[in-house]
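Remarks on the structure that follows.
Values below: all heavy atoms of this structure, side chains included; hydrogens, waters and symmetry mates excluded.
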Amino acid sequence: MSRTLPPESSLPALAISDDDKKDREFAPAAEIPVVAPVRPDEPIVTRRELWSYYLYYNGDNGVGPLGYSMTLFQSLATSAGYDPVNGPGSSCLAAGASGQCVVPWGSGTKAVSSVVLVATGVSFAVMTMIFTTIGSAADYGTFGRWLLLVVTVICWAAQFASVSLTSPSRWGAAMGLYMVGFITYGATLVFYAAVFPRLARNTQHARDLKEKYDNGEIPAEVYEQEESLEKNRISNISTMHSNIGYIFTLALNLSLLLPNTTKNNPKVNNYVLVLTNGYWVITGIWWFIYQQPRPGPKLPKGESYLTIGWKQIWVALKQYKKLPYTFIYLVAFFLLADGLNTTGTLVSICQNDKFSFSFLQNTYLGLAQAFTSTASTLGFWHIQRYWKISTKKMFIVTNVVTVMIPLWGMIGIWTDKFGFHNAWEFWAYNVVFGLFQAPYYAFSQTMMAELTPPGFDNMFFGLFGLSNRASSMIGPNVIQAIIDDTGNNWKGFPFLFALCAAASLVIWFGVDVTKGRRAAVRWAEETRDVYGVMGGLGVGAERKDRESVGSTGKS
């Protein structure tokens, strides 16, 4: 029989006591629960709610804040800058230009590529503050629901404001709007993803699985495998919808780009950003209408939304010995995401230079990536489901290509024949990126869901966001310093290759997902017990006689 959940108001915060019980050792493996807690008052996910969840990601596909905004910013800065070889007053876009371009920066000048990387690095630093300060607070009450709405609306406003960026003199404003849009876009991805573990626990299939396990109809291994596949189903389908939205948005943009390119309309790029953002508004608004209430506990008396996050993170960090695989994954993924995100930025800079900041060309390249991303996400999911392959093994396959991208860029240091110097290489990059990196995002998210203590989803997905979106404070700053020193964009690829390779190896050989998942469930139960909450929350802890079956296994 499942235990009864106490009233929501009686659920105290994680970080309100230093009780010695927090540091007690784990119980024997035979007592480790394998079932994530489900509040009895949490509604089952409806088809309408799930589709609105998918549609939000369909619109939040990154075409505007991640692609077009950066291109517009870099284009205006390049038009406003000058060729340092030919001196002030020269044009970076002139036929005889050296290929270098600088803009006024402080008391001197800075390369446009470095300015873009600085903007990206500062944006990631701001995201870090957001995720660490208020990310965990989203686990309380309905704060998470309103937080996602607020950052979404700010991102929409920044994108619509881009219609005013019509002259090179406004490159500073373009930089500001790019940063605001990029920061809030990254926040939407993290707080949106934090919803998914709770959704996955409350689908009809997941509830049926839990009931069968509680009744002794299926063993622990079968429950864990099927429950993991349910997480992968939602993660992969939502990622696929993001790529479908990517395709549709880019195709829709062609209706503006093709006729206006021939007319040489200088404002066409601004109109495209407005159209792209309008699509997201239309598809994204439904999630805030149809999302069912699944509030967390009330914020404890005397606590603040601005400080509770730091307290929770501090307590969680002190407990790293009880969640070793969760924290190994977070640290390794921090470095991996830093390398991958910075690699993407650097390749985009090279791509924009190669195609003269053409929105039309970038749209064609984006379509190539979007079609392959959609097909690969669906394909990887069917392969995983058919052969019941673990999340980690699927993630490893995508990691290999993650390492290969900066390795290919390194070749460009020594030759102009290969290494992101030719148009065909950017076509190949977008196809390969689509084939492997779209599943990479889906599986990395599912890995985090597997290793997250149930009930602390926003807290740990906030840390995951720190690892994923906000990690890139190191890469952009290192790379921009290298570019400033050498004047060569390609000199940054060796650092990125080393970063991606080292992080991948740690994940491949240092993270045991099965042990990490069980440790996370145990930690969640133990933490609730420590603070006076009846551990279990309906997980059937009285089943200890059968838990020994589920205490072994490999990732």
Side-chain angles (χ1 to χ4, degrees), residues 11-29 31-33 36-37 127-140 143-144 190 194 197 296-335 337 447-468 470-471 473 503 506-507 510-513 515-537 539:
L11 295 172
L14 170 63
I16 61 174
S17 170
D18 289 324
D19 196 303
D20 291 339
K21 292 180 181 179
K22 292 200 299 292
D23 299 317
R24 70 181 185 240
E25 295 298 322
F26 271 145
E31 299 181 8
I32 296 177
M127 284 188 226
T128 299
M129 292 303 299
I130 292 174
F131 299 150
T132 51
T133 303
I134 60 176
S136 298
D139 285 319
Y140 293 92
F143 184 68
V190 170
K298 292 181 179 179
L299 190 70
K301 190 174 182 179
E303 294 292 347
S304 167
Y305 282 111
L306 294 179
T307 58
I308 191 69
W310 287 100
K311 291 180 180 180
Q312 283 193 333
I313 291 171
W314 174 243
V315 171
L317 290 175
K318 289 169 65 178
Q319 300 286 302
Y320 75 93
K321 290 183 179 179
K322 295 182 178 181
L323 297 169
Y325 299 111
T326 300
F327 281 99
I328 289 173
Y329 179 67
L330 283 169
V331 172
F333 194 74
F334 178 97
L335 299 176
M447 281 267 288
M448 189 64 240
E450 300 269 28
L451 298 169
T452 293
F456 301 95
D457 304 308
N458 278 284
M459 173 181 170
F460 279 87
F461 267 84
L463 292 174
F464 183 60
L466 176 64
S467 295
N468 186 9
S471 63
M473 296 179 292
V506 172
I507 292 174
V511 178
D512 187 316
V513 177
K515 292 181 180 178
R517 181 196 305 116
R518 292 171 182 176
V521 173
R522 175 62 182 175
W523 184 85
E525 288 223 322
E526 187 177 62
T527 300
R528 293 185 181 90
D529 284 335
V530 167
Y531 292 104
V533 180
M534 294 176 67
L537 297 177
V539 302

For the residue pair Ile130 and Val190, establish whether any side-chain heavy-atom pair is separated by less than 4.5 Å. no

So how far is it from Thr326 OG1 to Arg517 CZ, rounded to the nearest 0.5 Å? 11.0 Å

Search all heavy atoms of Leu451 against all heavy atoms of Val513 and return the closest pair with its distance. CD2-O, 4.0 Å

Asp457 backbone acceptor or donor facing Thr452 side chain under 3.5 Å: no

Residues in side-chain contact (heavy atoms from CB on, under 4.5 Å) with Tyr320, at least two apart? Phe327

Look up atom CZ in Phe334 and atom CG in Leu463, then write down how far apart they are to the nearest 0.5 Å. 11.5 Å

Which pair of heavy atoms, one from Ile134 and one from Leu306, lies closest together, and at what distance? CG2-CD2, 3.9 Å

Taking the side chain as every heavy atom from C-beta outward, state whether Phe464 and Tyr329 have any atom pair closer than 4.5 Å. yes

Once the angle between the rings of Phe460 and Trp523 is folded into 0 to 90°, is it parallel (under 30°), tilted (30 to 60°) or perpendicular (over 60°)? perpendicular

Is any side-chain heavy atom of Ile507 closer than 4.5 Å to one of Met447? yes

Quick check for you: to the nearest 0.5 Å, what is the distance between Tyr140 atom OH and Glu303 atom CD? 7.5 Å

With sequence neighbours left out, what residues match Thr132 under side-chain hydrogen bond (donor to acceptor under 3.5 Å, both in side chains)? none

So which atom in Gly510 and which in Tyr325 form the shortest heavy-atom distance, rounded to 0.1 Å? O-CD2, 3.5 Å

Between Ala524 and Pro454, what is the shortest heavy-atom contact and its length? CB-O, 3.5 Å

